[in-house]
Number of protein chains: 2
Amino acid sequence: MVTASRPLRADAARNRDKLLAAATELFAERGLDVPLEHIARRAEVSIGTLYKHFPTREDFVAQIFPQRLAALDVIGEKALAEQDPWQAFAGYLEDLYALQAEDRGLNDVLARDLPNAPEVVSACHRGAGHAGILIDRALAAGVLRADYSITDLATLTRAIAQVIRDSPGEWRRFLSIYAEGLRA
Amino acid sequence: MVTASRPLRADAARNRDKLLAAATELFAERGLDVPLEHIARRAEVSIGTLYKHFPTREDFVAQIFPQRLAALDVIGEKALAEQDPWQAFAGYLEDLYALQAEDRGLNDVLARDLPNAPEVVSACHRGAGHAGILIDRALAAGVLRADYSITDLATLTRAIAQVIRDSPGEWRRFLSIYAEGLRA
DNA sequence: CGTTAATTCGAGGCAACCCTCGACTTACGC
DNA sequence: GCGTAAGTCGAGGGTTGCCTCGAATTAACG
């Protein structure tokens, strides 16, 4: 039962776009918790209009992050193409956290449990799938500590998210130390 | 020029104690950001009375945490008494984070830059002093990766603080992996 | 006891953020 | 052009937390 909503009026479409652009910028700059009023202000639109188009913060997240999360697939594929199982896994971590470091909103999305939009959830699942394969490969090759699991990666992600928030310049070093501890 | 303040009236002393007890509990349970109103409520005292005794949140912190931080000295001494340089450093980390995991307030104090009370600051400095010695020893013995520094420990502390907040049961495992990466 | 200074109380003002609703405005089809 | 549905606006009500201040209370001392 698809409810075919009629096309937006011209001004409405314009405002929707401005809101989306503003939200994209502000999420990236300030993180997921930026006040909705700020988004409205940057979009030069009233708060009422914001709520008309995006009744909840989640609606913004659902519109904005699926594309962002597509990058996860890219780095996943890239890592799967790498021959050396250790290099594949370690490179994946580097790329993943580099991504997070570039976008505070993405950092939040990946580090919290919150994001409920199905598109976002499925993107995360795909990411976890890639990571799972990389872990299995590395385990099979005996280059990763034998008890490592995807749960540890989730923990690491939240930890690194915090490092990125506190001191954006240090995550790479932190990761390199942690990664040493990962080798079998 | 020491301003000798006269002793508190009996009821005032009682209320002060109740406030301190309530704050100690709530900081430990909920972290440093617990609303001051909650502290007043648990102490069964009005919000006005709370502000009379502790005009700022920092005043609570300054009264409560110096004793808590004394534990830092204890584990520092304990580690310095340990013969094996690696065991000394690794044990210190274990003890430190076990402490943090037991008290959300302490976790916050150690992981944020905020705490400005001189007593708190100096306790942190003493802790850093111990840690510095442990690091130097381990470096001299060649058991710690050669480029490790106290800055890395600060980063680790913030990262683990986050792990403790998110999933209190996992910090030990996380640390054990990281610590592997630390060996020379 | 009575005095009085110290203490307590909590209503209420301020600020940030959330969200709603009805009056006004405007795009668009005719 | 005009009528109308669609869209916009922003004042304002709700919440949570911070903090203040004057009226009411009370400990403590003679």
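What you see is a predicted model, and the numbers here were worked out from it, not measured in a lab. Convention: sequence-line order gives letters A, B, ...; per-chain numbering from 1.
Atoms CZ and CD, on A:Arg145 and B:Glu180 in that order, are 6.5 Å from each other to the nearest 0.5 Å. Distance check, rounded to the nearest 0.5 Å: CD of B:Gln100 to OG1 of B:Thr157 gives 6.0 Å. For the atom pair B:Ile133 CD1 and B:Ile150 CD1, the distance stands at 10.0 Å (nearest 0.5 Å).
Between the CZ atom of A:Phe60 and the C1' atom of C:dC19 there is a distance of 13 Å, rounded to whole Å. Atom CD of A:Glu58 is separated from atom P of C:dC19 by 12 Å (rounded to the nearest Å).
For DNA chain D, the contact window with chain B, defined by any atom under 4.0 Å from a protein heavy atom, covers D:dG17 to D:dA28 in 5' to 3' order.
Residues passing the salt bridge (charged side-chain N to carboxylate O under 4.0 Å, His left out) test with B:Arg104: none are found, sequence neighbours excluded. Every residue meeting the salt bridge (charged side-chain N to carboxylate O under 4.0 Å, His left out) condition with A:Arg172, not counting sequence neighbours, appears here in chain and number order: A:Glu94. Among residues two or more places apart in sequence or in another chain, the ring-ring contact (aromatic ring centres under 6.0 Å, His included) test is passed with B:Phe54 by B:Phe60.
Of all the residues in residues 43-52 of chain B, B:Val45, B:Ser46, B:Ile47, B:Gly48, B:Thr49, B:Lys52 reach under 4.0 Å from DNA chain C with at least one non-hydrogen atom. Within residues 10-31 of chain A, the residues that have a heavy atom under 4.0 Å from DNA chain D are, in order of number, A:Asp11, A:Ala12, A:Asn15.
Counting only N and O atoms by type, the side chains of B:Arg158 and A:Ser167 include a donor and acceptor under 3.5 Å apart. Donor-acceptor pairing under 3.5 Å is lacking for the side chains of B:Thr155 and B:Asp152.
Residues A:Glu37 and A:His53 each lie close to DNA chain D; by heavy-atom proximity, the contact nearer the 5' end of the strand is made by A:His53.
Without hydrogens or angle criteria, A:Arg57 side chain to A:Val34 main chain gives a donor-acceptor distance under 3.5 Å.
Classification of the B:Phe174-A:Phe174 ring pair by plane angle, with boundaries at 30° and 60°, yields parallel.
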